[in-house]
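To keep things clear, I will list the structure first and then write my remarks on it.
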Amino acid sequence: MKNRHILKRFLPYYAKYRKIMIFDLICASVTTICELLLPMIARHITGTATDSPVDLTVRLILSVGIGYMALRIIDTLANFYMAYQGHVMGTRMETDMRSDLFRHLEKLSFSYYQNTKIGSLMSRITSDLFDVTEFSHHCPEEIFIVGIKIIVSFIILLFINIPLTLIVFAILPIMIVCSLHFRRPMRKCFKERRTQIGEINACVEDSLLGIRVVKSFANEDIEIEKFEKDNQRLVELKDESYKYMALFQCTTRFFDGLLYIVVVVIGGLFMRNGAIQPQDFVAYILYVTTLLTSVKVIINFMEQFENGLTGIERFVEVMDTEPDIVDKENAIDPGKLKGNIKFDNVTFRYSEENEYVLQDINIDIKEGQSVALVGPSGGGKTTICNLIPRFYEVENGVVSVDGINVNDMQMKKLRENIGIVQQDVYLFSGTVIDNILYGKPGASREDAEEAAKMAGAHDFIMSLPNGYDTYVGERGVKLSGGQKQRISIARVFLKNPPILILDEATSALDNESERIVQDSLAKLSKGRTVLTIAHRLTTIKNSDVILVLTEKGIEERGNHEELIEKKGLYYSLYNA
């Protein structure tokens with residue numbers, strides 16, 4: 001990614017803090033002036049001592065010292081502002097970027113997360129942006145300060161001795177070009193380091209979230225081996241980046257010495273021939289020292305610059321990823337939907353590389369109907385349910401609710417009308433009440449407790465150590481499968497949507513838990529349009545319509561009695 005594009009995306013973050021930035025640069029000007037005045041003071045005192053020793057009085061020396069001390073006090077205050085407010089500005093910019101990145105991640109479609117490791121995204125949203133604080137205020141500061149020093153030093157040195165100045169400034173570009181020769185491989189290493197840190201995060205997350213599986217198979221050694229492999233790769237990348245950094249610094253150091261030799265030797269010859277005065281020579285060396293210090297600062301800053309730029313580049317990569325699914329410009333708010341669902345010649349595949357999951361599917365579900373989707377895996381049951389809330393875009397055909405194409409609705413408003421109960425229940429780290437209220441943010445505690453009673457969850461919740469305020473652990477690890485499922489059902493009860501999708505909601509439960517959850521689902525389904533995906537066919541016998549899906553599409557449709565009489569695929573599945 002080109003620096004120009006990266007910086008173009010980064011610069012707008014300065015807008016909110018331009019006043020701090022402007023005053024920061026004013027302070028940078030003050031500190032630079034103070035530094036540039038010192039050689040002139042030394043030149044003045046040395047010149048007076050050489051040309052007219054009598055005029056070098058104690059009063060003159062003290063006056064110069066007091067004046068310079070006053071400048072240094074101003075310089076100290078300016079530095080304090082730069083160090084304090086500069087970092088505060090950088091921290092706020094980093095925070096703004098992190099907030100924007102998280103908001104953007106929340107907008108991205110399911111397809112993005114199917115191809116991206118969560119650990120890598122964690123790295124981008126945390127460690128990748130750590131260097132932004134330093135980069136955001138040091139970058140303009142250092143460029144501004146060095147620019148002033150180089151221009152002012154060049155002008156002053158020309159007044160002292162033109163030939164020597166031209167020689168010095170002829171060497172400087174060579175020094176910069178040779179030093180920056182290692183910039184490209186350095187940046188590549190820094191980016192690979194950050195990518196590898198993301199891989200380590202993904203490895204750790206994967207292993208720790210699956211710690212029960214790891215321990216049940218006694219595969220701790222395998223996990224350690226996988227981690228060590230990623231960890232060693234990070235060491236190799238760091239070693240390589242340090243090699244280029246060392247070459248970078250050694251080149252700078254060599255030219256640093258070369259410039260001093262040139263100034264001392266050629267300047268000494270000029271002074272011997274009377275082309276330069278002793279006091280001017282002293283000032284010249286001091287200015288060259290200031291100049292070299294500035295060049296070294298900017299060259300050494302390149303490491304920080306590359307670190308920051310690499311972090312911003314990885315930030316921009318995610319921000320430049322457009323969501324696959326977005327609201328149309330004039331998307332409508334459908335309000336409270338009734339639940340008439342229609343699939344009209346729908347064709348869908350997950351990507352161009354994949355085969356079609358659905359082809360020319362036609363389904364017409366009336367308000368309040370219960371429809372069951374059954375059949376072997378790979379038939380598209382879950383896909384059909386995912387297309388109703390528009391988690392994916394259809395390739396051809398139309399999915400509509402109450403006669404409105406789901407593509408024409410505001411996604412948020414559409415999804416507010418749909419409740420989903422899945423086999424793999426996800427509970428957020430927090431309390432029981434927090435997880436129930438997630439179904440309807442802003443609802444009262446009383447409403448949440450009523451929803452729990454309707455879901456058959458109230459009694460077991462009250463038996464927990466702190467009732468509704470019991471901490472459920474990460475992903476609800478402190479609760480059983482049946483308990484987690486009933487909390488998820490309570491969440492949907494609280495949401496109270498007209499359309500309900502049950503995706504194998506009881507298949508992972510034991511018989512007793514399944515019975516309790518089935519009773520809860522029966523209450524939840526009343527008065528709603530319900531789509532149920534089920535492998536246990538005994539659970540969907542009472543459905544109004546049963547659709548039997550295979551890779552060929554919908555092979556059979558009808559109620560339980562009709563399909564049994566046909567003695568087709570459903571009959572075989574049911575008897576099996």
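All residue numbers refer to positions in the sequence shown, counting from 1. Here the structure is a predicted model, which means the values were calculated and not measured.
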Between [X] (side chain) and [Y] (backbone), is there a donor-acceptor pair under 3.5 Å?
| X | Y | result |
| --- | --- | --- |
| Asn417 | Lys413 | yes |
| Thr32 | Ile145 | no |
| Ser241 | Cys189 | no |
| Arg415 | Pro389 | yes |
| Lys495 | Ile418 | yes |

Quick one about [Y] and [X] (side-chain donor to acceptor, distance below 3.5 Å, no hydrogens or angles considered), yes or no?
| X | Y | result |
| --- | --- | --- |
| Tyr13 | Asp100 | yes |
| Tyr260 | Thr289 | yes |
| Ser136 | Tyr14 | no |

Carboxylate-amine/guanidinium contact [X] [Y], below 4.0 Å:
| X | Y | value |
| --- | --- | --- |
| Glu94 | Arg98 | yes |
| Arg349 | Glu355 | no |
| Glu236 | Arg233 | yes |
| Glu223 | Lys226 | yes |

**Working for side-chain contact (heavy atoms from CB on, under 4.5 Å), residues Phe315 and Ile125** = CA-CA 8 Å; Phe315 164 83; Ile125 206 169; over 6 Å; no

**Request:** Take Asn396 and Phe348 through the side-chain contact (heavy atoms from CB on, under 4.5 Å) test and state the conclusion after the steps.
**Result:** CA-CA 7 Å; Asn396 289 307; Phe348 174 81; over 6 Å; no

**Message:** As a quick check of understanding, evaluate side-chain contact (heavy atoms from CB on, under 4.5 Å) for Leu427 and Val425, giving each step before the final call.
**Reply:** CA-CA 6 Å; Leu427 296 186; Val425 178; 4.0 Å; yes

**Item:** Parallel, tilted or perpendicular, as decided by the 30° and 60° cut-offs, for the rings of Phe428 and Tyr438
**Value:** tilted

